[in-house]
Number of protein chains: 2
Amino acid sequence: MTTQCRYCPLQRKDAFIPMSKEELSFMEKFKSGELTVEPGTPILLEGSNAPQLYTALTGMGIRDKTLENGNRQVISFVFPGDFIGLQAGIMGEMGHSVEARTHMRLCVFNRSEFWNFFKSHPERAFDITWLAAIEEHFMGEVLATIGQRTAIQAIAWAMVKIFERGQSLGMVTHNQMPLPYSQRDLADALGLSVVHTNKTLGALKERQLLSWSDRVLQINNLAALAKVGMTSLEGRQKRPLL
Amino acid sequence: MTTQCRYCPLQRKDAFIPMSKEELSFMEKFKSGELTVEPGTPILLEGSNAPQLYTALTGMGIRDKTLENGNRQVISFVFPGDFIGLQAGIMGEMGHSVEARTHMRLCVFNRSEFWNFFKSHPERAFDITWLAAIEEHFMGEVLATIGQRTAIQAIAWAMVKIFERGQSLGMVTHNQMPLPYSQRDLADALGLSVVHTNKTLGALKERQLLSWSDRVLQINNLAALAKVGMTSLEGRQKRPLL
DNA sequence: CGGAGGTTTGACTGCGCTCAACTGAGGTGG
DNA sequence: CCACCTCAGTTGAGCGCAGTCAAACCTCCG
């Protein structure tokens, strides 16, 4: 007995566009169950052709891919509301792996009904494409970060992005939010070494802009951090939810 | 009088999944005209909410975005068959600019009919999402390249990707294909300086792997180049065409 | 002929990487 | 209950890949 979508914890967050009653009941049919995983558990594997798609309900994870020399690139951090497995669902092959970093609860969809989804509910199909476009937009910014920003700019930028995402999801209290990743995760996300990432985080802490320890991120001066990261704060924009 | 889709030069390329007669006639209704632009012409602007979407029919271009410090990140190179403007079409804001690098012929679609598109032709909606997924997949690889590969690996990787794309589009003869970009374009795509890009290209030429001058790329040893770039050659995969 | 943009080369510099050692918090087993 | 291991974070020393600066060269074009 899985939770009904109408009681989905994400429905209430103002980060997402609310669904109509009709949509909710359709999603309940599409939904095939729930899955909970523990930290470190792989959810999808790079190169795999997974039969299932997910929406992260609670918890956080990571998308990454590994090169033949063992180097790892973190593609993005997974937050509640993120749709997981689009590439497998549509192209039949994941370009990256997804792994849990905390306890996670996932909403499970069957890939076999994916096409049916497009045929019978064009507005939901549109939302999937919307999510894909958001992802593409974001990855463009990441590219510019890794390619053009210095280490301190990149880390400042990343922290601003993460914090804003946390804000929209209501994860921030007293300028603090949970950030259950390792410095290695962040380093691999930005193409930096762990050592340099550590020192750069130290410099930002020294400047009283942020502190991050014990899996808690605290932002002391978001505006100043955004300036260092050469980015502007964007108003909250709602996104669709699957 | 614009060319009918059934005579579209791209329809014949084996890089693309052929459209049914029914799809072709629908696309002809969706198509609002054609546009030709000269090298250097901006097609879409970062941050803009463009009313039109395009498919590149002939010619090549570039997607890029500019930071506040003037640095430029090239997101990707635009080839014939590429769909341009998805972000504007669906989110209302482009995350990057698109600019022609050669004479280009573009197929123009009206954004106002985009939604109609999803509603009346789910298989075409699916194809749009498919294209978005391909783009996301590719950008993950680019991230790994910029973040993890050294300069020589990155350039080798990029040249392999470009060459394979050229092959699938029938642009390659005698191991040569047109590559109408500047070294600065390539440098900005890979997060390298022009100077270092130039020297690295020289090193690859020295190794007899490739040569690139006068806007023509020649690959002498694709397999060896792929090895340097830490990538494997992928069989030709068809993609949808809009 | 002069200017602009792209390519090439050399000299120097520095940001960020590697190597290495140490700390501290858990977790596990003797 | 402590010895031991592992994993994440921290810090210092030294180095190298790639950036910056600068100048020359080339082609195209007005």
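Order of the sequence lines fixes the chain letters, A, B, ..., with proteins taken first and strands second; residue numbering starts at 1 for each chain.
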- prompt: Using 30° and 60° as the class limits, which term best fits the ring planes of B:F138 and B:W157: parallel, tilted or perpendicular?
  reply: parallel
Separation of [N] [atom2] from [X] [atom1] (nearest whole Å):
X	N	atom1	atom2	result
B:R184	C:dT7	CZ	P	10 Å
A:K205	D:dG9	NZ	P	13 Å
B:Q153	D:dC17	CD	P	12 Å
A:Q148	C:dC15	CD	P	17 Å
B:L186	D:dA18	CG	P	14 Å

- request: Check the pair A:Q218 / A:N220 against side-chain contact (heavy atoms from CB on, under 4.5 Å), numbers first and verdict last.
  value: CA-CA 6 Å; A:Q218 172 171 322; A:N220 300 314; 2.9 Å; yes
Check nucleotides 19-21 of chain D against the protein and report each pair of N or O atoms closer than 3.5 Å, with its distance, or say if there are none.
| from | atom 1 | to | atom 2 | distance (Å) |
| --- | --- | --- | --- | --- |
| D:dG19 | OP1 | B:G191 | O | 3.2 |
| D:dG19 | OP1 | B:S193 | N | 3.2 |
| D:dG19 | OP2 | B:S193 | N | 3.0 |
| D:dG19 | OP2 | B:S193 | OG | 2.8 |

task: If a protein heavy atom is under 4.0 Å from the base, mark B; if only from the sugar-phosphate, S; if neither, -; do that for nucleotides 25-30 of chain D going 5' to 3'.
output: ------
message: With a cut-off of less than 4.0 Å, is there a side-chain N or O of B:N198 near OP1 or OP2 of C:dT7?
response: no
- prompt: Counting any heavy atom closer than 4.0 Å, what does B:T150 reach on the DNA or RNA strands: base, sugar-phosphate only, or nothing?
  reply: sugar-phosphate
field: 5'-most by nearest nucleotide on DNA chain D - A:Y181 or B:I152
entry: A:Y181
query: If you check the A:Q183 side chain, which of D:dA8, D:dT10, C:dT8 turns out closest?
result: D:dT10
